Amino acid sequence: MNLMKATVLYAPTLRQSPAEAEILSHKLMLRAGLIRKAAGGVYTYLPLAVRTLRKIETIIREEMDAAGGQEIAMPIIQPAELWKESGRWDVYGAEMMKVTDRHDREFCLGPTHEEMVTSLVRDEVRSYKELPLMLYQIQNKYRDEIRPRFGLMRSREFIMKDLYSFDRDEEGMNISYKKMYDAYSNVFTRCGLDFRPVEADNGAIGGGHSHEFTVLAPAGESNIACCTKCGYAASDEKAEIKLPAADTEEMLPMEKIPTPGTHTINLLAEFLHIPAAKTIKAVAFADENDRVILAFVRGDHEANETKIKNAVGALQLIMAEDTAICAVGGEPGFMSPIGINEEATVVVDSAVMNMKNAVTGANERDYHYKNVNPTRDFTNKNMIVTDIRMVQDGDPCPRCGEKMFMTRGIEAGQVFSLGTKYSEALGAKFLDEDGKEKPFQMGCYGIGVGRTMQAAIEQMNDEHGIIWPRAIAPFEVVVVPVNAKDEKQFAIAEKIYEELKAENIDVLFDDRPERAGVKFKDCDLIGYPLRVTVGNKAAETGEIEIKIRKSGEMKNLPADNYLTELKEILKGL
RNA sequence: CGGGACGUAGCGCAGUUUGGUAGCGCGCUUCCUUGGGGUGGAAGAGGCCGUGGGUUCAAAUCCCGCCGUUCCGACCA
């Protein structure tokens, strides 16, 4: 941290952004001289980026240590045997960067370290007395992404903090999980980010619960639903939806009506002059065993494939062929559960069961039923009724009932409780108090360090450049003499620089003999939270100027009495 | 892996249609000028036109292969 003069700092800013960058944060990282590309999804971090990364890492270390974590450093190169033992050598497959040594022994560049850390603990930890144990590292990770994108957002080499917890029982695991959940909240709060801990689907990893820590930003790749009131947030695939009260209309007798050519909800609603919410939409899937699955949601809702998979116990869903639909008694475009063969799996969204006098297909070309009342008319055996719809903007929160809004975010971290998946696969056991051998209850917890940096940029910027939160800014303050050739100005600026340095403030002295405009543009682009400008006024009346990057606010202060106020302003950034 | 686009100086691009001396803006070097939001001027340096092959008297330009980049899709949690 001794490179503090701009004349020696290697920060090659660019006026135009290279054509390869698509999203704003990626462009800004290139333009502000933070990173340069070495290969697809592989980057060199330049000094400014390294300073920010170190600051993020320091915050992470402090919080991990405070939560009881102990830092270790595991190898990047991992033997294939371990991965074959856990069964993930083939599962991870093409995602893994594989290496062969001169003896033809296989290795991979670690995409994650569950195997590594579990084998370590398996070989070393024998007794419940040594638990709980939390081990972490901050390490380069490798994933051979099909399509690296967006700079550090989806890269093939990336810096990740990964912590693994080992407990004697589920209760202990849940305590560790909670500790990590809190530590993560502290990390992202301290980084100055607007984020949400988002309830997530565990997917193939299995185990208990999982949260993704998502930094809110429109360019993010994850869709999430957030409650406007209680803080509930969940990924769109996971988000539960509070069921509104059932319609109270009188049930009318069901009637078959001709509806020529209305094979979509829009056409149907238009034809009958009714709102889409009065219709029932059908979506037909086939699963990995060629089972036909018919899902029904309200006309103005969307089916949620993840929820459907979970509801029917399918691993994979594809759109069903028309012939498969007909085989179970359905008619594409005019489907309903009424009269469908038993062999089809029928899943109905809970909200549909609340509908009264709805319109649904008649399983016959160009005909629908009206006055359909699902509680009365859906009589299929084995029909599954549950929440299978995709959350929408304005849906009620499952916790408090207030409205939720949809937003996008960048997943910067995630916490998983794993249970005994890896400890069992790798035979990692300890001897418990009762004299019995038991597998460890594990959890794993990751933070993408580079991704966190980029998420901060994606979230905080304006047309001039990056706006760093103070905690992770490469420098907190930049001191700029307007005219570096003016000895008086330069001397005052240098004095202020020395004073700030003595106060342990992370300060850069922009001593370059550039014109003021050039230096100002660079300052804004790189995004130092605070700029101290020393110009003519300083030489004449002894006044310096402080500019807050975030608000653009400026303040004139005497050059011999500014420190208290500057520190005060800095605190609020 | 499928479909599209692109590859010419450090960055952004023109030139390719119609084959014939490699260009522009920014940046860089030196000097002068200017000195509170990318100042103005002068003189320079810098290119295996991604790569390999082919066609041709002659290829940045036409043809074929490969590599790389990028977008959409598939994939991934």
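The shown structure was predicted, so the numbers you read here are calculated from the model rather than taken from an experiment. Just so we're on the same page: letters track the sequence lines, and every chain starts at 1.
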### Query
Does C67(B) pair with anything, Watson-Crick or G-U wobble, both distances under 3.5 Å, and if so, with which nucleotide?
G7(B)

### Task
From the options C13(B), G37(B), C1(B), select the nucleotide whose nearest atom is closest to the side chain of Ile146(A).
C1(B)

#### Entry: Whole-angstrom distance between U21(B) and A60(B), as gauged at atom C1'
14 Å

### Donor + acceptor pair across side chains of Ser222(A), Glu411(A) (<3.5 Å)
no

### Message
Within the 4.0 Å heavy-atom criterion, would you say Arg531(A) contacts the bases, only the backbone, or no part of the nucleic acid?
### Response
base

#### Entry: Donor/acceptor link under 3.5 angstrom from Gln414(A) side chain onto base of A77(B)
no

### Message
Check this one for me: any side-chain N or O of Arg147(A) less than 4.0 Å away from OP1 or OP2 of U70(B)?
### Response
no

### Task
Check the distance between G10(B)'s C1' and Leu30(A)'s CG and give it to me in whole angstrom.
13 Å

## Note on the structure
Assign each of Met554(A) and Gly40(A) the nucleotide of RNA chain B bearing its closest heavy atom; nearer the 5' end lies the nucleotide of Met554(A)

### Query
Salt bridge check: are Arg470(A) and Glu476(A) linked by an N-O gap of less than 4.0 Å?
yes

#### Entry: Span that lies between the C1' atom of C67(B) and that of A22(B), in whole angstrom
24 Å

#### Entry: Gap in Å between the two P atoms, one belonging to U61(B) and one to C49(B), rounded
10 Å

### Task
Give none if A58(B) has no partner; otherwise give the nucleotide forming a Watson-Crick or G-U wobble pair with it, both distances under 3.5 Å.
none

### Summary
Among the nucleotides U34(B), C71(B), C76(B), whichever has the atom closest to the side chain of Lys485(A) is U34(B)

### Interatomic distance where CD belongs to Glu22(A) and P belongs to C71(B) [whole Å]
5 Å

### For atom CD of Glu487(A) and atom P of G35(B), their distance in whole Å
17 Å

### Task
Would you indicate which nucleotide in G37(B), G36(B), U70(B) comes nearest to any side-chain atom of Lys37(A)?
U70(B)

### Pairing nucleotide - A42(B), Watson-Crick or G-U, each distance under 3.5 Å
U30(B)

### Query
Within this structure, what is the CZ-to-C1' distance between Arg154(A) and C75(B), rounded to whole angstrom?
9 Å

### Task
Could you tell me which nucleotide pairs with G2(B) by Watson-Crick or G-U wobble geometry, both distances under 3.5 Å, or answer none if nothing does?
C72(B)

### Query
When the ring centroid of Phe509(A) is compared with that of Phe490(A), is the distance short of 6.0 Å?
yes

### Query
Which of the following nucleotides, G38(B), G12(B), C72(B), is nearest to the side chain of Pro18(A)?
G12(B)

### Query
Roughly how many Å is it from CD1 in Ile35(A) to P in G10(B), rounded to a whole number?
20 Å

### Task
When you get a sec, tell me which of U69(B), G37(B), C71(B) is the closest nucleotide to the side chain of Lys521(A)?
G37(B)

### Message
Distance check, P atoms only: A5(B) and C64(B), in whole angstrom units.
### Response
13 Å

### Task
For Glu545(A), report the nucleic acid contact type (base, sugar-phosphate, nothing); a contact means any heavy atom under 4.0 Å.
base

### Query
Mind checking the P distance from A59(B) to C66(B)? Whole angstroms is fine.
24 Å

#### Entry: Nearest-nucleotide pick for Arg515(A), side chain only, options being G37(B), U34(B), G36(B)
U34(B)

### Task
Round to the nearest Å and state the distance from Arg451(A) atom CZ to A77(B) atom C1'.
10 Å

### Query
CG/Asp524(A) to CG/Asp462(A) distance, rounded to the nearest 0.5 angstrom?
7.5 Å

### Task
Side chain of Thr533(A) only, please: which of G36(B), G35(B), A77(B) is the nearest?
G36(B)

### Query
Parallel, tilted or perpendicular for His211(A) and Tyr181(A), by the 30°/60° rule?
perpendicular

#### Entry: From G12(B), U39(B), A77(B), nucleotide with atom closest to Val518(A) side chain
U39(B)

### Task
Report which part of the nucleic acid Ala484(A) touches: base, sugar-phosphate, or nothing (heavy-atom distance under 4.0 Å, all strands).
nothing

### Message
Students often get this wrong, so: under 4.0 angstrom with heavy atoms, is Ser222(A) touching a base, only sugar-phosphate, or nothing?
### Response
nothing

### Task
Decide yes or no for His113(A) and Lys141(A): does some side-chain heavy atom of the first lie under 4.5 Å from some side-chain heavy atom of the second?
yes

### Query
How far does the P atom of C72(B) sit from the matching atom of G27(B), given to the nearest Å?
32 Å

### Query
Would you call Asp194(A) and Arg196(A) a salt bridge, taking side-chain N to carboxylate O under 4.0 Å as the test?
yes

### Message
Can you measure Glu514(A) atom CD to G37(B) atom C1' for me and round it to whole angstrom units?
### Response
13 Å

### Message
Taking atom types as they are modelled, would you say the side chain of Glu20(A) forms a donor-acceptor pair with the base of G7(B) within the 3.5 Å cutoff?
### Response
no

### Query
For Pro513(A), which contact category applies under a 4.0 Å heavy-atom criterion: base, sugar-phosphate, or nothing?
base

### Message
Could you tell me how far apart Glu145(A) (CD) and A77(B) (P) are, to the nearest whole angstrom?
### Response
10 Å

### G65(B) versus G23(B) - spacing of their C1' atoms, nearest Å
30 Å

### Query
Do Tyr528(A) and Asp522(A) touch side chain to side chain, with heavy atoms closer than 4.5 Å?
no

### Message
Tell me if the side-chain of Asp486(A) makes a donor-acceptor pair with the base of G35(B), cut-off 3.5 Å, by modelled atom types.
### Response
no

### Query
Does Arg15(A) have a side-chain nitrogen or oxygen under 4.0 Å from the phosphate oxygens OP1 or OP2 of G27(B)?
yes

#### Entry: U16(B) and C6(B), which share atom name C1', separated by this distance in whole Å
14 Å

